[in-house]
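See below for the structure under consideration.
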Amino acid sequence: MNPRIKSMAEYEAAYQQSVEQPEQFWAAMAHEFTWKKKWDKTLSWNFNEFDVKWFEGGQLNITENCLDRHLETRGDQTAIIWEPNDPTHTVRTLTYRELHREVCKAANMLKAQGVQKGDRVCIYLPMVPEAAVIMLACARIGAIHSIVFAGFSAQSLTDRLTDAECKIVITADGAFRGAKAIGLKEIVDEALLTSPTVTRVVVLQHTMTPVTMVEGRDIWWHEAVSTCSDVCEATVMDAEDMLFILYTSGSTGKPKGVVHTTAGYMVWAWYTFNNVFQYDPGDIYWCTADVGWITGHSYIVYGPLLSGATTLMFEGVPTYPDAGRFWQVIDKHKVNIFYTAPTAIRSLMAQGDEFVYPYSLESLKTLGSVGEPINEEAWQWYFDNVGKGKCWIVDTWWQTETGGIMISPLAHITPTKPTFATLPLPGVQLMLVDANGNELEGNNVEGNLCVKFPWPGMLRTTYGDHERCRMNYFATYSNLYFTGDGCRRDYDGYYRIIGRVDDVINVSGHRMGTAEVENAINEHPHVIESAVVGFPHPIKGQGIYAYVICDHMPDHADQRKREILEVVSKQIGPIAKPDKIQFVAGLPKTRSGKIMRRILRKIAEGETGNLGDTSTLLDPSVVESIKNGALS
Ligand code: WT7
């Protein structure tokens with residue numbers, strides 16, 4: 001099974017068919033899978049109300065397509081290679097047959113703990129094979145997984161548990177991150193003080209960090225599975241049944257739970273994985289993301305397993321024990337396809353080429369980039385030093401909401417251009433619009449990036465609040481999905497993503513809402529108000545710059561800054577800590593009370609010369625005073 005594009009001519013033909021006969025195009029893809037019952041209607045859609053359904057009437061279970069289907073042909077092939085944080089510790093591998101068994105056992109364990117079809121299961125785990133096992137175990141029984149990145153704080157975990165009304169949390173005693181061990185169970189305990197829907201916690205023993213087990217609520221994973229059978233029939237799911245919820249930040253309010261459904265997501269994860277990476281049987285594929293992000297969902301777990309690939313999972317960090325770790329792992333496991341984020345490339349580049357030279361990296365043939373715009377210098381360094389000038393680079397643009405890759409070169413097929421995500425995949429109908437929603441036609445144009453036709457992997461709603469979803473993505477421009485990104489289409493029709501045009505910032509590939517960080521800062525008892533903007537950062541892509549008004553100008557500014565960082569860590573997690581904090585007496589506001597972030601962004605960028613029109617400000621003098629106190 002492999003309707004894979006193999007040349008630019010095939011790409012052109014596939015693209016054309018996907019536009020002219022989308023239903024036939026996607027039905028042919030969907031026929032490649034195992035269904036309990038084929039669908040009645042391939043697509044129905046309405047963007048203005050936002051109602052999209054793919055493969056309606058179809059019934060299936062995604063885990064049969066990830067696992068059972070492969071048992072006959074590749075049961076003994078390695079499905080997952082796990083590389084531990086500590087390079088001297090033992091590597092674990094799971095064949096497709098072993099993974100199938102582990103998933104069935106874990107599925108039975110979930111059932112035994114009272115989890116039923118449709119229940120939400122929160123997963124708060126380090127990067128261990130059990131994270132993949134439990135995701136698939138949920139899918140096996142029709143439970144909806146909601147993974148929370150293990151770097152998020154207790155407060156963030158509570159917010160997500162409460163919003164999704166999770167019944168159970170799957171966690172571990174701790175997580176190793178480089179030289180540190182982080183007590184995960186402890187964070188869960190704190191979160192559960194204010195998460196009333198959770199009645200059960202399953203704890204994986206991993207770091208051997210001492211934990212307190214709450215009688216009647218907490219149970220060890222190894223004990224819970226010990227009596228479970230390794231046979232578990234897959235629950236029959238409707239094509240549009242929810243598969244998972246994943247929280248992501250927007251420009252307003254708390255993070256929203258992006259909902260993906262079964263069949264469309266499955267087709268999309270598989271189709272994009274195959275075509276973008278051009279995975280060949282036997283290839284070792286490594287995506288360095290965490291399963292707590294969409295990249296981990298689609299390109300560590302679902303995409304590779306649906307394709308019968310061997311996927312490597314790495315527990316550690318790029319700089320432990322030293323900045324050569326990625327390259328060491330590539331040589332150790334003879335990785336052929338390597339997928340990482342620009343921020344990792346830039347930080348390793350900054351450590352010096354001597355960390356790369358000891359390794360041959362000769363197994364590599366394809367390199368991927370994801371999560372943020374890749375600058376030309378990093379692209380070139382990746383190409384020369386990691387790819388040794390012989391690997392294809394696929395710069396893949398997509399979002400949590402899109403479920404999988406939307407714009408990307410196809411490895412070894414699409415001619416690349418540094419910093420360009422190049423062309424949309426067949427099935428992706430893009431449109432660039434100006435601020436008023438007018439289409440920008442032709443080439444050499446720049447505007448807001450929209451999608452005008454549904455694709456199977458798109459989000460279906462945001463959990464518990466469909467209207468918010470509609471407002472967020474479909475209300476800015478009529479009949480279009482608005483991505484929130486600015487984008488340029490060059491003379492050749494190639495796409496280059498410029499970055500967010502809304503109040504979302506992208507820090508080291510992590511998406512954050514400025515409002516979310518402001519709300520966290522405002523939790524400090526002496527903070528009256530704050531305004532957060534992004535600024536260009538050489539390693540992180542964007543850094544966080546916070547302008548903060550306190551009840552009095554703090555006497556001990558450094559101490560106050562440390563307290564604020566602490567509050568943000570507690571409210572969101574260490575990834576949201578501002579890089580710069582400037583205490584100010586006032587913020588530039590319009591007469592209607594709106595903060596003019598454009599001005600704050602310019603000051604944060606160090607561009608204080610030309611701040612544009614400030615005449616609509618309530619008090620233009622605050623700008624001078626902020627400029628004078630600006631941090632360099
Ligand atoms: C935002 C989505 C895609 C999975 C990981 C991030 C930015 C993503 C690229 C890229 C330029 C990119 C966009 C997008 N982004 N990939 N290749 N080039 N920008 O998913 O957390 O949902 O963030 O990341 O701004 O909107 P996410």
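Basis for what follows: all heavy atoms, side chains included, without hydrogens, waters or symmetry-related copies. In each ligand, atom 1 is the first atom listed, and ligand 1 is the first ligand listed. Just so it is clear, the model here is predicted, and its values are computed rather than measured.
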(message) Which residue and atom name correspond to the protein heavy atom nearest atom 3 (C) of ligand 1, and how close is it?
(response) W398 O, 3.1 Å
(request) Say whether T248, considering both its backbone and side-chain N or O atoms, lies within less than 3.5 Å of an N or O atom on ligand 1. (result) no
(message) Just to be sure I read this right, does ligand 1 sit under 4.0 Å from the backbone of T396, its side chain, both, or neither, counting only heavy atoms?
(response) backbone
(request) Compute whether any side-chain donor of one residue and acceptor of the other, for R488 and Y494, lie under 3.5 angstrom apart. (result) no
(message) So that I know where these two stand, are Y302 and W270 an aromatic pair - ring centroids less than 6.0 Å apart?
(response) no
(request) Could you tell me whether K388 atom NZ has more than 12 heavy atoms of other residues or ligands within 6.0 Å of it? (result) yes
(request) Identify, for atom 24 (O) of ligand 1, the protein heavy atom at the shortest distance, and state residue, atom and that distance. (result) G371 O, 3.2 Å
(request) For ligand 1, note which part of E372 has a heavy atom under 4.0 Å away: side chain, backbone, both or neither. (result) backbone
(message) If you take the centroid of each ring, where Trp contributes its six-membered ring, are Y473 and Y481 closer together than 6.0 Å?
(response) yes
(message) If only side-chain N and O atoms count, and only distance matters, is there a donor-acceptor pair under 3.5 Å linking Y491 with N444?
(response) yes
(message) Ring centroids only, cut at 6.0 angstrom: are W293 and F152 within range, meaning strictly under it?
(response) yes
(request) Applying side-chain contact (heavy atoms from CB on, under 4.5 Å) between V188 and each of I170, T171, V148, report the one that passes. (result) T171
(request) Using distance alone, with no hydrogens and no angle criterion, decide if S249 and E516 have a side-chain donor and acceptor under 3.5 Å apart. (result) yes
(request) Using a 4.0 Å heavy-atom cut-off, say whether V504 meets ligand 1 through its side chain, its backbone, both or neither. (result) neither
(request) Under 4.0 Å from a heavy atom of I497: give me the atoms of ligand 1 that qualify, with their elements. (result) 11 (C), 19 (N)
(message) Quick check on contacts: which atoms of ligand 1 are under 4.0 angstrom from a heavy atom of N506?
(response) 7 (C), 24 (O)
(request) Please say whether T483 places an N or O atom under 3.5 Å from an N or O atom belonging to ligand 1. (result) no
(request) Provide the number and element of each atom of ligand 1 under 4.0 Å from a heavy atom of I294. (result) 4 (C)
(request) Could you check if a side-chain atom of T311 sits within less than 4.5 angstrom of a side-chain atom of I81, using non-hydrogen atoms only? (result) no
(message) Can a side-chain donor-acceptor contact be found between Y477 and N448 if the only test is distance below 3.5 angstrom?
(response) yes
(message) Only heavy atoms of V370, strictly under 4.0 Å: list the atoms of ligand 1 that pass.
(response) 3 (C), 4 (C)
(message) Looking at non-hydrogen atoms alone, which of S369, G296, P373, G486 comes nearest to atom 11 (C) of ligand 1?
(response) P373
(request) Tell me which protein heavy atom sits closest to atom 23 (O) of ligand 1, plus the residue, atom name and distance to 0.1 Å. (result) R511 CD, 3.5 Å
(request) Give yes if a backbone or side-chain nitrogen or oxygen of G509 is under 3.5 Å from a nitrogen or oxygen of ligand 1, and no if not. (result) no
(message) Please state which option from D485, V258, T295 has its nearest heavy atom closest to atom 5 (C) of ligand 1.
(response) T295
(message) Would W397 count as a contact residue for ligand 1, given that I'm defining contact as a non-hydrogen atom of the residue lying under 4.0 Å from a ligand atom?
(response) yes
